[in-house]
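To start, the structure itself, in structure tokens.
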Amino acid sequence: MTELKNDVFLRALMRQPVPRTPVWIMRQAGRYLPEYREVRARAGDFLSLCQNPELACEVTMQPLRRYKLDAAILFSDILTVPNAMGLGLYFVEGEGPKFKNPVRTAEAIRNLKVPDVERKLGYVFEAVRTIRRELNGDVPLIGFAGSPFTVGTYMVEGGSSREFPHIKALAAEAPEVLDQLMSVVAETTIEYLNAQIEAGAQAVQIFDTWGAALQGDDFKRFSMASMQKIIDGLIREKDGRRIPVILFTKGAGPLLADLAETGCDALGVDWTTDLATARGYVNDKVALQGNLDPATLRESPEVIRQGVAETLASYGKGPGHVFNLGHGITPDIDPDHLGALVDAVHELSPKYHV
Ligand code: CP3
């Protein structure tokens, strides 16, 4: 493997000194980019794009050609995992993801098995190898998966949900059945992420978009414990380098203190907790990633620059900050506005690292 030319992202995740704050953006490959929409049209649809390693590599590289980003993220989706478990994923334009066979009963959940990930998800690992070749050591590649609870919401509800009625009913009325679901998804995710690491992923992020919709104790029992189980099962070092793990629980707030004890290297923070407060919660035990409100990207370049300045100031001096949005970039954003954000991080962050 070629030497890594830019390792500021990996160093920051390990809270080592860096000359400036590294930056990447959740959903950096996506619909706000016209060149993404063009390749997606060529692939036919989103799932076909995920399943085509050459095209998945192409859209992974697109944002890196436009912006001075410090990491690439594998182009895929968190719902490829339940798809591999036989739930039948499909997307309805304007409605988001759906499953043909949701799992709502104790029996359906008992019948779920850890799939043969090499056979069912080999296209993902092939995409990872293809992207690593194309990156040629320029920046590290992030692999990812969803948290078992977040993935579980789609498996149980059958698609996107606001209130999560079915999975919350399981948590209240049949918690041991939900434990079982968390367990089989966690075991699959360990195999899935370890195969991404073997294929070349240099850091991994677990997206826990919906975990904080649970009440505190339930969050710990279902979402946090299953992420802990994944972390315990992951390959943590490869080719002499640590493979950092980032947990992103949207809306975690004070739960960040508990999440810092899971053995992860870094925590994603959304914009509802400022970084100074988050830093207090985790007591510099882990690095922090975030957290500008994605809505700021709709404002003028001057306002975006001000938002970047405030985010950097909120984290303050010292190592352990990776710049990102507090959640993914939305499809309506002007690509030049993301350029203003990335340039501002490069220009304004060095003074926090002297
Ligand atoms: O960050 C990246 O650039 C990597 C790619 C990535 C995608 N999805 C691509 C995608 C990642 C990391 C995800 C994670 C994901 N997928 C999450 C967790 C992160 C988060 O944003 O909270 C969730 C909940 C999903 C499930 C999912 N997939 C949803 C809700 C949607 C949106 C449906 C819609 O129509 O808005 C998707 C589709 C999806 N995943 C798109 C992309 C670029 C849009 C698909 C398209 O091109 O139409």
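Remember, it's 1-based here, ligands and their atoms both numbered in the order they're listed.
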State whether the shortest distance between N or O atoms of [X] and N or O atoms of ligand 1 falls below 3.5 angstrom.
| X | answer |
| --- | --- |
| Trp210 | no |
| Arg31 | yes |
| Ser160 | no |

Quick test: of every protein heavy atom, which one is nearest to [atom], and how far off is it to 0.1 Å?
| atom | result |
| --- | --- |
| atom 11 (C) of ligand 1 | Phe144 CZ, 3.6 Å |
| atom 23 (C) of ligand 1 | Ile78 CD1, 3.4 Å |
| atom 19 (C) of ligand 1 | Phe207 CD2, 3.4 Å |
| atom 47 (O) of ligand 1 | Tyr36 OH, 2.5 Å |
| atom 41 (C) of ligand 1 | Phe46 CE1, 3.7 Å |
| atom 4 (C) of ligand 1 | Leu74 O, 3.5 Å |
| atom 40 (N) of ligand 1 | Asp77 OD1, 2.8 Å |
| atom 38 (C) of ligand 1 | Phe91 CE2, 3.5 Å |

Hey, quick one: are [X] and [Y] part of the same hydrophobic cluster, counting side-chain heavy atoms closer than 4.5 Å, chains of contacts allowed?
| X | Y | answer |
| --- | --- | --- |
| Val8 | Val308 | no |
| Val18 | Ile246 | no |
| Val303 | Val342 | no |
| Leu288 | Trp271 | no |

Per-atom contacts of ligand 1 with [X], taking only distances under 4.0 Å to non-hydrogen atoms:
| X | value |
| --- | --- |
| Phe75 | 43 (C) |
| Thr209 | 18 (C), 19 (C), 20 (C), 22 (O) |
| Tyr154 | 24 (C), 30 (C) |
| Ser76 | 5 (C), 6 (C), 7 (C), 8 (N), 9 (C) |

Using a 4.0 Å heavy-atom cut-off, say whether [X] meets ligand 1 through its side chain, its backbone, both or neither.
| X | answer |
| --- | --- |
| Arg27 | both |
| Leu49 | neither |
| Arg40 | side chain |

Partner of Thr150 under side chain to side chain donor-acceptor pair (under 3.5 Å), chosen from Thr209, Thr249, Asp208: Asp208

Would a distance-only check, ignoring hydrogens and angles, find a side-chain to backbone donor-acceptor pair under 3.5 Å from [X] to [Y]?
| X | Y | answer |
| --- | --- | --- |
| Lys220 | Asp258 | no |
| Ser223 | Gly211 | no |
| Asp7 | Leu10 | no |
| Tyr352 | Leu348 | no |

Against ligand 1, does [X] come closer than 4.0 Å with any heavy atom?
| X | answer |
| --- | --- |
| Gly146 | no |
| Phe248 | no |
| Ile25 | no |

I need the minimum non-hydrogen distance between Arg104 and Leu170, along with the two atoms involved. O-CD2, 4.2 Å

Which heavy atom of Thr188 sits nearest to which heavy atom of Val81, and what is that distance? CG2-CG1, 3.8 Å

Taking the minimum heavy-atom distance to atom 33 (C) of ligand 1, which of Gly268, Gly328, Gly96, Gly159 ranks first? Gly96

Heavy-atom proximity to atom 20 (C) of ligand 1, picking from Met26, Gln62, His327, points to His327

Crowded around Lys120 NZ? As in, over 12 foreign heavy atoms under 6.0 Å? no

Hey, would you say the Phe9 and Phe323 ring centroids sit under 6.0 Å apart? no

Do Glu310 and Ser314 have side-chain atoms, one donor and one acceptor, less than 3.5 Å apart? no

